[in-house]
Amino acid sequence: MARTTAFKLSAFYLLIFALFSGIILGYIAWNTRRLLDAQITETIETEINALAEQYRQGGLRRLVAVIERRGRQSGSFLYLLVDGRGDAMTGNAILRVPVQSVSPGWGEIRYNWPDEAEEVARLAKVRTFILPSGLRLFVGRDLEEQDRLRVTIRRARGLSLLLVVLMGGFGAWFVTRRVLSRVEGVATTSAAIMAGNLAERLPVTNTNDEFDRLALHLNAMLDRIGELMTGLRDLSDNVAHDLRTPLTRLRNGAEDALRKAETLEDAKTALERAIEESDNLLRIFDALQMIARAESGNLATSLKPQKLEEIVSSLAELYEPLAEEAGLAFQTKLGTGLVANANRELIGQALSNLIDNALKYGLNPEGGGSLSITAEKSGGQIRIAVADRGKGIPEDKRQAVVERFVRLDASRAKPGLGLGLSLVAAIARLHGGELRLEDNAPGLKAVLVLPEAGGSAGRSLASGPALPEKEA
């Protein structure tokens, strides 16, 4: 644990905080001592001024009387008047040093009270005067209370620093352990995922902290990766399955022509069939490439404001004769001002796929039918619907038919690759929209929903919703 980044950061901040606390406490102790020294000095100065006033008024006799009187009062003032030989004339203290060695002015000396044992040595701050008569006057203040306060402050400072270190150390241990537990969960899950269990997800504690937010984003990423892996696996299986038939036909046709073709016309016919099969393969790969480009979002930079009613109108003019030829009543109902950020070619491709599906599967089983195209605005969205009156798609299969190469049994008799609506759905997601399959009672209504210009167009595929689709 000591090698972890969390522990090192916690220890670093603990060191800084302890150093800062030590500086603050040291400053408080120093400032308190300075204030006490100033207070003692001021008290002694006041006492000296009072004694000087008594000396001016009554001379030495009065000074001695005042010292004797004040020396008998309770308190910690130190008074001592000695003659030139160093003998005490009056006072309430006994110096522990020779009187002649004490220089005039401020200083600290050792002393004891007359009734105390000689080994007791107190500390006092004194000011020494030499009177005009040659006498020495000592006036001071006992420092015992100040020493006790200093010791108390020193102990409090040490105890405070100890508490800071202990509490900070406990906090560092707690934070490190908590962080390590979350990181260990991420590491364990990551190891399980790397081992092949792609269903594993990072733990979420519902505290909405940074680890939870990171876990949620990573889980969403893993979900998306899982979907892509599943899609890739299914695509590989479908490609291998659906390409086997045309490739087999291509090979068998070439082999059959090689064995049986006797004339130039027979060889030409075999080559035409081979070219047709090759074209089908190329269309499959082109559709897969278009889907991949749309799903990757590489075409998002090509989105520009487009008038969708113009695109739909052009396609309606193109497909109306084909619908009438197929026996379908063709109707269009287009709104105005249908502007969306879009790629004109991709939107045209998507609508062409929807209309092609309606032409192939829109005939009513009893004969006849209709194909209608509507485009309108609704709640900040543009809805382009292609509706037919055919058999439709059962509701429980609308989700399944979106997969590539998936075709319902009823549609296998007609030409198609099973990629049309997969491409439509990918194009819709690229534009920040979706493809909805609805019941047209009877028939199917395929609705391409796109955001109006200025909305969420171009939203990435990763954030797009899961879309039900229909096979081509």
Side-chain angles (χ1 to χ4, degrees), residues 22-161:
I23 292 174
I24 294 296
L25 293 174
Y27 172 76
I28 293 174
W30 172 81
N31 200 42
T32 302
R33 180 176 180 179
R34 185 178 63 84
L35 291 176
L36 290 174
D37 288 341
Q39 183 180 12
I40 291 175
T41 300
E42 183 181 357
T43 303
I44 294 174
E45 289 283 1
T46 302
E47 185 67 16
I48 289 173
N49 291 334
L51 293 176
E53 183 64 24
Q54 296 294 332
Y55 183 72
R56 285 194 296 270
Q57 292 180 2
L60 182 60
R61 185 182 297 274
R62 187 166 183 176
L63 177 61
V64 172
V66 172
I67 290 175
E68 290 179 350
R69 185 177 69 251
R70 293 189 177 183
R72 291 191 296 266
Q73 296 176 355
S74 60
S76 55
F77 270 108
L78 167 66
Y79 304 98
L80 185 61
L81 182 63
V82 299
D83 57 18
R85 297 188 304 271
D87 297 331
M89 296 178 59
T90 185
N92 61 351
I94 300 174
L95 297 187
R96 306 289 296 176
V97 295
V99 174
Q100 288 79 5
S101 65
V102 181
S103 302
W106 291 97
E108 292 184 356
I109 61 173
R110 291 288 177 177
Y111 80 100
N112 63 280
W113 303 114
D115 56 349
E116 288 182 331
E118 291 186 2
E119 61 271 9
V120 177
R122 297 177 180 273
L123 182 65
K125 183 175 184 179
V126 300
R127 186 171 183 183
T128 306
F129 293 90
I130 299 179
L131 301 178
S133 58
L135 302 178
R136 287 175 179 262
L137 174 62
F138 297 87
V139 180
R141 186 80 176 181
D142 187 84
L143 297 179
E144 184 178 356
E145 293 181 359
Q146 185 181 13
D147 285 341
R148 286 199 298 267
L149 183 59
R150 289 176 182 173
V151 172
T152 302
I153 293 176
R154 191 182 303 114
R155 289 177 179 174
R157 181 175 60 182
L159 181 60
S160 298
L161 287 176

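From a predicted model like this one, the values you see are computed outputs, not experimental measurements. Start at 1 with the first residue, then count along the sequence.
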Under the rule for side chain to side chain contact (heavy atoms under 4.5 Å, CB included), what residues qualify as partners of [X], not counting sequence neighbours?
X: Ala29; answer: Ile153, Arg157
X: Leu123; answer: Glu108, Arg110, Leu143, Asp147
X: Leu36; answer: Thr32, Gln39, Gln146, Leu149
X: Ser160; answer: Leu25

Between atom [atom1] of [X] and atom [atom2] of [Y], what is the distance when rounded to the nearest 0.5 Å?
X: Met89; Y: Arg136; atom1: CE; atom2: CZ; answer: 14.5 Å
X: Ile40; Y: Glu42; atom1: CD1; atom2: CD; answer: 11.5 Å
X: Thr90; Y: Arg69; atom1: OG1; atom2: CZ; answer: 11.5 Å

* Residue from Val64, Leu63, Asp83 passing side-chain contact (heavy atoms from CB on, under 4.5 Å) with Leu135 ->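 Per the side-chain contact (heavy atoms from CB on, under 4.5 Å) rule, the option paired with Leu135 is Asp83, out of Val64, Leu63, Asp83.
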
Counting C-beta onward and ignoring hydrogens, is there a side-chain heavy-atom pair between [X] and [Y] closer than 4.5 Å?
X: Ile109; Y: Thr128; result: no
X: Arg70; Y: Phe77; result: no
X: Leu131; Y: Leu81; result: yes

Can you name the side chain to side chain donor-acceptor pair (under 3.5 Å) partners of [X], sequence neighbours left out?
X: Asn31; result: Arg34
X: Arg61; result: none
X: Thr41; result: Lys125

* All salt bridge (charged side-chain N to carboxylate O under 4.0 Å, His left out) counterparts of Arg127, not counting sequence neighbours ->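 So Arg127 forms a salt bridge (charged side-chain N to carboxylate O under 4.0 Å, His left out) with Glu45.
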
* To do: Could I get the full list of salt bridge (charged side-chain N to carboxylate O under 4.0 Å, His left out) partners for Arg155, not counting sequence neighbours?
  =>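 By the salt bridge (charged side-chain N to carboxylate O under 4.0 Å, His left out) rule, Arg155 matches no residue at all.
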
Distance-only donor-acceptor pairs under 3.5 Å for side chains of residues 51-60, two or more places apart:
unit_1: Glu53; atom_1: OE1; unit_2: Arg56; atom_2: NH2; d: 2.5
unit_1: Glu53; atom_1: OE2; unit_2: Gln57; atom_2: NE2; d: 2.8
unit_1: Gln54; atom_1: OE1; unit_2: Arg62; atom_2: NE; d: 2.8
unit_1: Gln54; atom_1: OE1; unit_2: Arg62; atom_2: NH2; d: 3.3
unit_1: Gln57; atom_1: OE1; unit_2: Arg62; atom_2: NH1; d: 3.3

* Asked: At their closest point, which heavy atom of Leu137 faces which heavy atom of Ile67, and how far apart are they?
  ->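 For Leu137 versus Ile67, the nearest heavy atoms are CD1-CD1, 3.6 Å.
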
